[in-house]
Amino acid sequence: MNKKVLLQDLSESLVRRRGMDKEDANVFVRSVFDIIAEYLQADKIIKVKGLGTFKLVTVDSRESVDVNTGERIVIKEYTKVNFTPDPVLRDAVNKPFAQFETVVLYEGTDVAEMERMDFPDESELLEEDEEVGETESTAIANERLPQENVLAETEETATDEAKVGAAQVETEVAEEVVVNEQTTDSMSEPTEEADDIPVLGNPMDRMEEAEMDVQEQNNGKTEEELRSKEVQEQSQVEPEKQEQKMDSSARDSESAGEKPEKAKEEGKVQGQDGMPLSSEKKTDDSPETKQARSTAMHVATQQIEVQKVEHQNVEHQHIVQMVPDSGTRRIYLTPWMIFFVSLVVLVLMSFSYYLGYNRFFMEADNGDAKAVSAVRQNVKQQPVAAKTAVPDTVQVKRDTLQASSAPEAGLSKESEKAEQKQPVEKNTPQTQLPQVKGGAYEIIGTREEHRLKRGETLREIALRYYGSKNFTVYLVTYNNIVNPDLVPEGMLLKIPELKLKHR
Amino acid sequence: MNNKEFIAELSRRTGYTAKETSSLMTVLVAEITEQLEDENAITIQNMGTFEVKKKQERVVVNPATQQRMLVPPKLIINFRPTASFKEKMQ
């Protein structure tokens, strides 16, 4: 591995395999490459079977600007040696990665964040893995890629809960543990969840499928029925939501069967203020009523003539329902275990939240107001994005594992790449200094200051300090100039020190 | 120069018949392939280095459809000519 092989080593193999004289073998191998070297210049192209093609490519002369001095320089025409390996050789070398294929990424797959969460907390990752495990396994059974979206959404919902704050998260935990003692107040969280979930038709279907799989009803037609059934259940609960909470599901299922049409109307009504519904749904999932619910599902399954309700909000609620569903199902084991797991999750969430808060918010304190506001936004988005990344990572890992055992080093390198890519794509102000979006240079400090005189333009100044007026944008960004065409006379301009970004 | 011409020239220089030369070349290429498969770098003096590089997986966007694709990692063969060889080719 990674040795250096010399010409002599190659000729030795000829000696070994063909019993050639050592001297002859050496001459032979040397003349092979001599011929390539000699005839390449004359013929411009040499094809050697099994090895590949050597080609001389002429690169035209071109003009360029010396980025350090700003001088115009001409890069002369030159020839470059190009080697294209023979397909046989190329494939042989790429054998370890041969089983990978290019895959299409769907909307909502946040690639930039993909591996970032790999580093901070392995145990957290494991938690998340566990949480999404149910949905994931079903989806994998389906062998479809887009389920990443589903995972992403599921995670997003979870993250939103984290965002609400420690206190509310606590409520959430309590909710899970003591499902029966829910109050309408604690339901404000699911409300937010439903609001934040993007409208995506595809993952919805997948969710349906996941549910179906769970119920082991592989009948294709039931998909629609299930959906409409959910609607019915909810709509039933709506009018009577104040009075009945705990035992509603059992009644729901029956009444749902009786008035499918009314259910449709009410489903729309819920679309507007339907949030408490999700909570009610949760109540339905409580241990006692779980059985009742499954009966309800069977009842609903039998109604084939039920109308298809495609109200988006209703679908949202469906997602919301799915999330606690997987949660509660897992939780039935022992109350203590539930409590412990929730506690661990809570601690990890607040820990990572605190880390992110520190990293992005505190640094920005020294910066200008603009950066701070941008960072504030970032802080808000950060947990969401980060969590969203987790299922992706999991997915990728799984893919890799499924295909075959890919090198571990590969994964970690990929994460490095992802990290490098992130600032470019999101233009996150990682440091307190304002940076130019997509710029080749990074602002690392103030080089000097310049008092603006009458008649000077930013372009002139950029030309003077950097040798090119293209650098004006750095001046504008660094000095927070709102209108570059109108800068006040006598303004103290900070000239930023630039550093070439490494890509 | 194609492979046939290459073999002809090689046999002229080394004194083997074209058939022998061809079979010797097969052995040589097999050896090179094997070495590169082991991710060893082959250095030829006054010419350059054949080495195996890993290309990271990356995301590409189809500009027409805006569809994002994940391109898997690859091991590729890279030939780096030495400075003297480059100079000679000018």
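Just so it is clear: chains get the letters A, B, ... in the order the sequence lines come, proteins before strands, and each one is counted from 1. Note that the structure is a prediction, hence the values are computed from the model and not measured. Any value given below was found using the heavy atoms of this structure, including those in side chains, with hydrogens, waters and symmetry copies removed.
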Please answer whether the main-chain N or O of B/L75 pairs with a side-chain N or O of A/N94 as donor and acceptor at a distance below 3.5 Å.
-> yes

Return the orientation label for the B/F85 and B/F79 ring planes: parallel under 30°, perpendicular over 60°, tilted otherwise.
-> perpendicular

Of all of B/V29, B/T43, B/V60, which one pairs up most often with chain A through heavy atoms under 4.5 Å apart?
-> B/T43

Which atoms of B/T14 approach chain A - backbone, side chain, both or neither, heavy atom under 4.5 Å = side chain

So does B/R13 pair up with B/E9, basic N to acidic O under 4.0 Å?
-> yes

Any idea which of A/I35, A/D86, A/I45, A/I36 has the most non-hydrogen atom pairs under 4.5 angstrom with chain B?
-> A/I35

How about A/E38: does its CD atom have over 12 heavy atoms from other parts shown lying under 6.0 Å from it?
-> yes

Select, from B/T21, B/N2, B/I7, B/L10, the one with the greatest count of heavy-atom pairs under 4.5 Å involving chain A.
-> B/L10

Segment of B/M89 engaging chain A (4.5 angstrom heavy-atom cut-off) = both

Any residues in residues 19-27 of chain A near chain B, with a heavy-atom distance under 4.5 Å, and which are they?
-> A/M20, A/D24

Answer whether the closest heavy-atom distance between the side chains of B/F50 and B/I44 falls below 4.5 Å.
-> yes

With a 4.5 angstrom heavy-atom cut-off, which part of A/Y39 approaches chain B: side chain, backbone, both or neither?
-> side chain

Contacts of type salt bridge (Lys or Arg N to Asp or Glu O under 4.0 Å), residue A/E63, not counting sequence neighbours | A/R72

With a 4.5 Å cut-off on heavy-atom pairs, point out which of B/E34, B/E5, B/Q67, B/M69 contacts chain A the most.
-> B/M69

Could you tell me which portion of A/K49 (side chain, backbone, both or neither) has an atom closer than 4.5 angstrom to a non-hydrogen atom of chain B?
-> both

May I ask you to decide if B/T17's main-chain N or O and B/E20's side chain share a donor-acceptor pair within less than 3.5 Å?
-> yes

Pick whichever of A/V81, A/T53, A/V88 has the most heavy-atom pairs under 4.5 Å with chain B.
-> A/V81

Are B/I42 and B/I32 side-chain neighbours, meaning at least one heavy-atom pair lies under 4.5 Å?
-> yes

Toward chain A, the part of B/K88 with a non-hydrogen atom under 4.5 Å = both

Looking at A/L10, A/L7, A/D34, which makes the most heavy-atom pairs under 4.5 Å with chain B?
-> A/L10

Can B/L28 and A/V32 be said to form a side chain to side chain contact (heavy atoms under 4.5 Å, CB included), step by step?
-> CA-CA 10 Å; B/L28 180 62; A/V32 167; 4.0 Å; yes

Where on A/L56 is there a heavy atom nearer than 4.5 Å to chain B: the side chain, the backbone, both, or neither?
-> side chain

Check whether B/S22 gets within reach of chain A through its side chain, its backbone, both or neither, counting any heavy atom under 4.5 Å.
-> neither

Which bit of B/V52 is near chain A, if near means a heavy-atom gap under 4.5 Å: side chain, backbone, both or neither?
-> side chain

Side-chain heavy atoms of B/K55 within contact of A/F97, under 4.5 Å = no

Close side-chain approach of A/L89 to A/L51, heavy-atom, < 4.5 Å = yes

With respect to chain B, which residue among A/T84, A/D9, A/L40, A/T58 yields the maximal number of heavy-atom pairs within a distance under 4.5 Å?
-> A/L40

What part of B/T26 is in contact with chain A, defined as an atom under 4.5 angstrom from a non-hydrogen atom: side chain, backbone, both or neither?
-> neither

Side chain to side chain, A/N82 and A/F54, heavy atoms closer than 4.5 Å | no

Check the side chains of A/R30 and A/S11 for a donor-acceptor pair under 3.5 angstrom, ignoring hydrogens and angles.
-> no

Charged N-O contact under 4.0 Å between A/R17 and B/E31 = yes

